[in-house]
K.L.:
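Please find one structure pasted underneath; my questions will follow.
For clarity, every value in this text was computed on a predicted model and none was experimentally measured. Below, read A as the first sequence line, B as the second, and so on, with proteins coming before strands; counting in each chain starts at 1.
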2 protein chains.
Amino acid sequence: MANIKDVAERAGVSVATVSRVLNGHSPVAETRDRVLAAVRELGYRPNNVARALRTARTGALGLIISDLTNPFFTELADAVEDEARSLGYSLVIGNAGERPAQQDDYIRTLLDRRIDGLLVSSAGTGSAMLSEVVASGTPLVLLDRTVPGVDAPCVRADGRAALTELAAHLAALGRRRPAIIVAPAGTPTGDERLDLFRTALAAHGIALPDERVGATPDLQHTGGRRVMSDFLDLAEPPDAVLATDNLMALGAMDELRARGLRVPDDMALVVYDDVPWFTHTDPPLTAIAQPTRELGRAAVHTLLARIEGRPADPVLLPARLVTRRSCGEPPIG
Amino acid sequence: MANIKDVAERAGVSVATVSRVLNGHSPVAETRDRVLAAVRELGYRPNNVARALRTARTGALGLIISDLTNPFFTELADAVEDEARSLGYSLVIGNAGERPAQQDDYIRTLLDRRIDGLLVSSAGTGSAMLSEVVASGTPLVLLDRTVPGVDAPCVRADGRAALTELAAHLAALGRRRPAIIVAPAGTPTGDERLDLFRTALAAHGIALPDERVGATPDLQHTGGRRVMSDFLDLAEPPDAVLATDNLMALGAMDELRARGLRVPDDMALVVYDDVPWFTHTDPPLTAIAQPTRELGRAAVHTLLARIEGRPADPVLLPARLVTRRSCGEPPIG
DNA sequence: ACCACCCGTGTAATCGATTTCGTAGCCCCC
DNA sequence: GGGGGCTACGAAATCGATTACACGGGTGGT
């Protein structure tokens, strides 16, 4: 591949001039045309590695995602990729697979690659390496999940309004024994969703006792199914279940179907994260829709603000309740 | 961040020695310990950008995926990422969004970044830039989709056995009027699947006339739904439909449900790509399962072979028929 | 005891760009 | 006509690593 020296020789100028022409720095003279002609004839493209070394800017962003096969994160990654590209950045993706060790590993290689900034949707609470990122001065923005003790803005959705609305919805439909499937206590996201839901229900005089709070260490399908099974074995099973993740909701649905129970007749079901698939289930599931693509976009912008040294505030976008038929009563619209 | 010079000074040696120690080249002497100590004390990590410039190896692979939100490609990307990481490579992902122009754009920036190799699951038939990749000498491997006229090995699944089995399955269940939803004529993947299916059916004396071949320019949900709608409006509607992509199958299911038709009673449905979600639909869908993760792994290995100058043959892995209940008759197992 | 060799290490070139600094030429003005 | 200020450009330093080459000193062979 041709390099800048080849171009300079062919155009009969110095490499400095070529660089200046290409970066639009100073010259407007007729050498300009000669340089551009040489570039065209040789099919020259600047070597980004060399440029990055000199300018200390790689033009690449890193994204650590906790589970790429989870549709919510897929959409998030897609949105981030889209926005990054449209702003001239490439995206190096790392899949943590919900394993903190692998996440740390990945963060390290991304730092070694001198990415310009890092977006992390953190697995677990592994913050050791995250503090190191902050210390290294690499701009960092947390995505979807906060990590206590890490000094970086977080971009995520606020479920308060949606959960309040959901509590009202359930109350109006006469559901008196709600339950929730969450991540284990200690996970910031899970704790928050539980607290908000409980508070919202209380406003309608509905309790959410601990026996109807089911935690799954794996945030997966199997965990959701097991918790639902436990719920159904209670002396007084719940009449409505909120799954705080789409995979867990899938598992819960499978358990219901396996027992021959029907939604919404025997059990109301609500899912956190409105992935497109849920409009195709039977019945379509009422969902708490996070503004996924907006979150991705906002995260990129926040990160760019940090990269350019502008102030970057945390972003909190409201989630919405999307009522379908899985709690009974077709929506009015 | 500390650089190699800082380490050299602190250890009282030259930068060359530090480099040699770190790359395990020659010394085993006691300077080695001094160097390692200095590295630890300073928290030194080699700058990959500088290293890449010198060695002409970035340790990054590029992956162009035609649609990241399509679960099949998500799983493919996930598998590629996993394998690449475990072999010490990072992955720069580009989402072509089924737009050839965007794909070309992305390929160009990846080349500028001097990735060590490129995997492409090509959108459309846009091969202009792909030929340029080959010309540039960057190792290239095609994934899932062949591109005529591009001299690069392709890693993909072979549907022959599965489609043969499917034809037998449908014949045995008495389905006499099969139909297929495919990409428009001219798309290598679509053409091949149509031909194989038609041939396999013919062996059982079953015809696949053109009126039961529905093409959708968008390989999406809406296209699948529209084609299914057309099928149902035929004087003699089909009694079995093969959707050659999971999104199109979703659309087809929606149309059936909207018309109050039932699977498998009123219509048998088979989906290409066995994404996990389809085991949760009601009824679970019979599917042609491509060995997605194996494809991803094989693609990375083939690419590495090319990178290291070893011979790299095309890879063709067999797809399997997974019978569930969407054509009638529960599976025997 | 001398020579050849090898081992461990340092010096400096190199990768391909950007950027600082210096300079030649030109215009303008007093 | 000479000094000041531009403009357009080249020479060379620089980013942070790897590596070819040179060199000193110890070792072994004869």
Side-chain angles (χ1 to χ4, degrees), chain A residues 1-39 42-60 90 108-109 111-116 136-138, chain B residues 1-39 42-60 88 108-109 111-116 136-138:
Chain A
M1 265 189 229
N3 62 20
I4 198 173
K5 219 168 132 191
D6 301 329
V7 175
E9 270 170 29
R10 182 166 193 116
V13 299
S14 77
V15 294
T17 302
V18 176
S19 173
R20 278 188 282 247
V21 168
L22 261 38
N23 293 293
H25 275 322
S26 65
V28 208
E30 47 77 70
T31 46
R32 183 189 158 82
D33 296 334
R34 288 216 314 280
V35 170
L36 291 180
V39 165
L42 294 172
Y44 168 73
R45 308 234 77 215
N47 182 328
N48 224 298
V49 175
R51 187 201 298 251
L53 176 59
R54 180 61 230 249
T55 61
R57 290 194 58 253
T58 53
S90 301
R108 212 187 284 276
T109 70
L111 287 184
D112 290 352
R113 274 180 201 292
R114 300 298 196 269
I115 46 160
D116 292 341
S136 81
T138 304
Chain B
M1 267 190 229
N3 62 21
I4 199 174
K5 218 168 132 193
D6 301 329
V7 174
E9 271 170 28
R10 180 166 193 117
V13 299
S14 77
V15 293
T17 302
V18 175
S19 172
R20 280 188 280 247
V21 168
L22 262 39
N23 293 294
H25 275 321
S26 63
V28 207
E30 48 76 71
T31 44
R32 183 189 156 82
D33 296 333
R34 290 217 313 281
V35 169
L36 292 180
V39 165
L42 294 172
Y44 167 74
R45 310 235 77 215
N47 182 329
N48 224 297
V49 175
R51 185 198 298 247
L53 176 59
R54 182 60 230 251
T55 62
R57 289 195 55 255
T58 53
R108 214 188 281 277
T109 70
L111 287 184
D112 290 352
R113 277 183 198 292
R114 299 298 194 271
I115 46 161
D116 293 340
S136 81
T138 303

K.L.:
Any base atoms under 4.0 Å from Asn23(A), or only sugar-phosphate, or nothing? Heavy atoms, all strands.
P.N.:
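Contact class for Asn23(A): sugar-phosphate only.
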K.L.:
In Å, rounded to the nearest 0.5 Å, how long is the span from CE of Met1(A) to OG1 of Thr138(B)?
P.N.:
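Met1(A) CE to Thr138(B) OG1: 4.5 Å, rounded to 0.5 Å.
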K.L.:
Quick check on dT18(D): is either OP1 or OP2 less than 4.0 Å from any side-chain nitrogen or oxygen of His25(B)?
P.N.:
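For dT18(D), OP1/OP2 do not have a side-chain N/O of His25(B) under 4.0 Å.
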K.L.:
Starting at the 5' end of DNA chain C and moving along, which residue's nearest nucleotide shows up first, Val13(B) or Thr55(B)?
P.N.:
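Looking at DNA chain C, the more 5' nearest nucleotide goes with Val13(B).
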K.L.:
Please state whether the base of dT14(D) and the side chain of Arg54(A) form at least one donor-acceptor pair under 3.5 Å?
P.N.:
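Checked by distance alone, the answer is yes.
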K.L.:
Phosphate oxygens OP1/OP2 of dA8(D): is one of them under 4.0 Å from a side-chain N or O of Thr17(A)?
P.N.:
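No.
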K.L.:
Figure out the CG/C1' separation between Asn48(B) and dG16(D), and round it to whole Å.
P.N.:
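That distance rounds to 11 Å.
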K.L.:
Expressed as a whole number of angstroms, how long is the span from Asp33(B):CG to dT9(C):P?
P.N.:
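Nearest whole value for this atom pair: 11 Å.
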K.L.:
If I take atom OG1 from residue Thr31(B) and atom CG from residue Leu36(B), how far apart are they, to the nearest 0.5 angstrom?
P.N.:
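Those atoms lie 9.5 Å apart.
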K.L.:
Assess, by modelled atom type and distance only, whether the side chains of Arg113(A) and Thr58(A) contain a donor and an acceptor separated by less than 3.5 Å.
P.N.:
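No, no side-chain donor-acceptor pair sits under 3.5 Å.
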K.L.:
Taking 4.0 Å as the cut-off, does a side-chain nitrogen or oxygen of Asn47(B) come that near to OP1 or OP2 on dG16(D)?
P.N.:
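The answer is no; no side-chain N or O of Asn47(B) sits under 4.0 Å from OP1 or OP2.
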K.L.:
Can a donor-acceptor pair under 3.5 Å be found between the side-chain atoms of Arg20(A) and the base atoms of dG10(D)?
P.N.:
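For Arg20(A), whose side chain was compared with the base of dG10(D), there is a donor-acceptor pair (under 3.5 Å).
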K.L.:
Where the side chain of Ile4(B) is concerned, which of dA17(C), dT18(D), dT9(C) is the nearest nucleotide?
P.N.:
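The answer is dT18(D).
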K.L.:
Return the value, rounded to whole Å, for the distance between atom CZ of Arg45(A) and atom P of dG16(C).
P.N.:
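Those two atoms, CZ and P, are 17 Å apart.
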K.L.:
Kindly say whether Ser19(B) contributes a backbone atom to a donor-acceptor pair with the side chain of Asn23(B) at under 3.5 angstrom?
P.N.:
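Checked: pair present.
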K.L.:
Whole angstrom is fine here: how far is it from CG in Leu22(B) over to P in dG16(D)?
P.N.:
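In whole Å, dG16(D) P lies 16 Å from Leu22(B) CG.
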K.L.:
Measure from NZ on Lys5(A) to C1' on dT18(C) and round the result to the nearest Å.
P.N.:
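Rounded to whole Å, this separation is 16 Å.
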K.L.:
Within this structure, what is the CG-to-P distance between Asn3(B) and dA17(D), rounded to whole angstrom?
P.N.:
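Taking atom P of dA17(D) as the reference, CG of Asn3(B) is at 5 Å.
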K.L.:
Measure the OG1-CD1 distance between Thr109(B) and Ile115(B) for me, rounded to the nearest 0.5 Å.
P.N.:
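Those atoms lie 8.5 Å apart.
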K.L.:
Would one find a side-chain N or O of Ser14(B) under 4.0 angstrom from OP1 or OP2 of dT9(C)?
P.N.:
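For dT9(C), OP1/OP2 do not have a side-chain N/O of Ser14(B) under 4.0 Å.
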K.L.:
Can you find a donor-acceptor pair, distance only, under 3.5 Å between Arg32(B) side chain and dG8(C) base?
P.N.:
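Between dG8(C) and Arg32(B), which were checked side chain against base, a qualifying N/O pair under 3.5 Å is absent.
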K.L.:
Between dA17(D) atom P and Asp112(A) atom CG, what is the distance in whole Å?
P.N.:
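Between P of dA17(D) and CG of Asp112(A): 10 Å.
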K.L.:
Rounding to an integer number of Å, can you tell me how far Leu53(A) CG sits from dC15(C) C1'?
P.N.:
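Spelled out: CG on Leu53(A) to C1' on dC15(C) is 9 Å.
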